[in-house]
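Whatever order the structure lists them in is the order used to number ligands and atoms, beginning at 1. Here the structure is a predicted model, which is why all the values come from computation and not from measurement.
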Amino acid sequence: MKIILATSNAHKFAEVKKILKNFELYPLEEFLTPFEIKENGMSFKENALIKSKAVFNAISKEKQKKIVVLSDDSGLCVEALGAQPGIYSARFSKQGTDEKNREKLIKKLRKLKLSQSKAYYKTAIALSSIWGDFCVQATMHGKVICKERGSGGFGYDCLFIPNHFDKTLAELSSEEKNSISHRFKALDLAQILLRILARNYG
Ligand code: ITT
């Protein structure tokens with residue numbers, strides 16, 4: 001059984017590949033020419049399933065017999081901002097770059113005269129297969145601060161301090177992040193499904 005990771009985000013691909021080291025994982029481009037998928041769901045779960053189903057349905061029936069498509073929809077929810085940016089995390093700012101998204105987040109918190117806020121990351125992992133579609137979700141709680149710290153990770157990591165830590169995710173090693181993250185916890189659950197699917201695929 002081959003797993004295609006339906007993402008255009010290279011950072012996500014690298015994290016998922018490290019966490020799912022016991023599975024055969026391939027980037028989307030090895031099987032298909034990447035195409036635009038409208039993420040118009042109202043939740044992480046809906047968007048993750050939209051992505052995995054769109055890619056699975058684009059694969060030929062013959063190839064589908066050997067393939068599971070895995071997608072990740074994730075984002076940061078900030079308590080003081082009413083859970084924004086949430087499902088819009090990747091396109092929070094007009095430009096949609098990690099840097100501009102962080103700038104907008106800091107600006108919004110400063111406008112509220114806050115230097116930090118409780119926050120959580122959420123990931124929905126969806127699997128599409130000949131045995132059906134599945135989705136599991138997980139969170140990582142902590143706080144966001146208004147000053148960037150560290151150079152690891154991606155996205156909002158240099159602003160996010162997980163509970164029980166005094167470093168941002170960007171100051172932790174990738175192994176440390178991958179042992180506590182929303183993505184790790186969701187993939188830990190997804191592995192149960194993947195092992196069952198691998199047995200069923202034969
Ligand atoms: P794909 O849809 O192609 O997978 P994307 O980057 O558009 O790529 P999402 O729609 O799921 O993916 O948005 C995820 C955004 O949430 C991402 O761009 C970051 O801004 C943020 N994010 C998610 N997980 C993160 C993490 O572990 N560390 C930092 N930021 C994260």
Q: Does a donor on one side chain sit under 3.5 Å from an acceptor on the other, for Lys18 and Ser174?
A: yes
Q: Report the hydrophobic cluster partners of Phe44, with the cluster defined as I, L, V, M, F, W, Y residues connected by side-chain heavy atoms closer than 4.5 angstrom, directly or transitively.
A: Ile87, Tyr88
Q: Under 4.0 Å between a side-chain nitrogen and a carboxylate oxygen: does that hold for Lys143 and Glu79?
A: no
Q: Which atom names give the shortest non-hydrogen contact between Lys104 and Ser93, and what distance separates them?
A: CD-CA, 4.0 Å
Q: Establish, from distance only, whether the side-chain atoms of Asn9 and Thr7 form a donor-acceptor pair under 3.5 Å.
A: no
Q: If you count only heavy atoms, which residues are under 4.0 Å from ligand 1?
A: Thr7, Ser8, Asn9, Lys12, Glu39, Lys51, Asp72, Asp73, Ser74, Gly75, Ser89, Ala90, Tyr121, Phe154, Gly155, Tyr156, Asp157, Lys177, His182, Arg183
Q: Anything under 30° is parallel, anything over 60° is perpendicular, the rest tilted; go ahead and classify Tyr121 against Phe160.
A: tilted
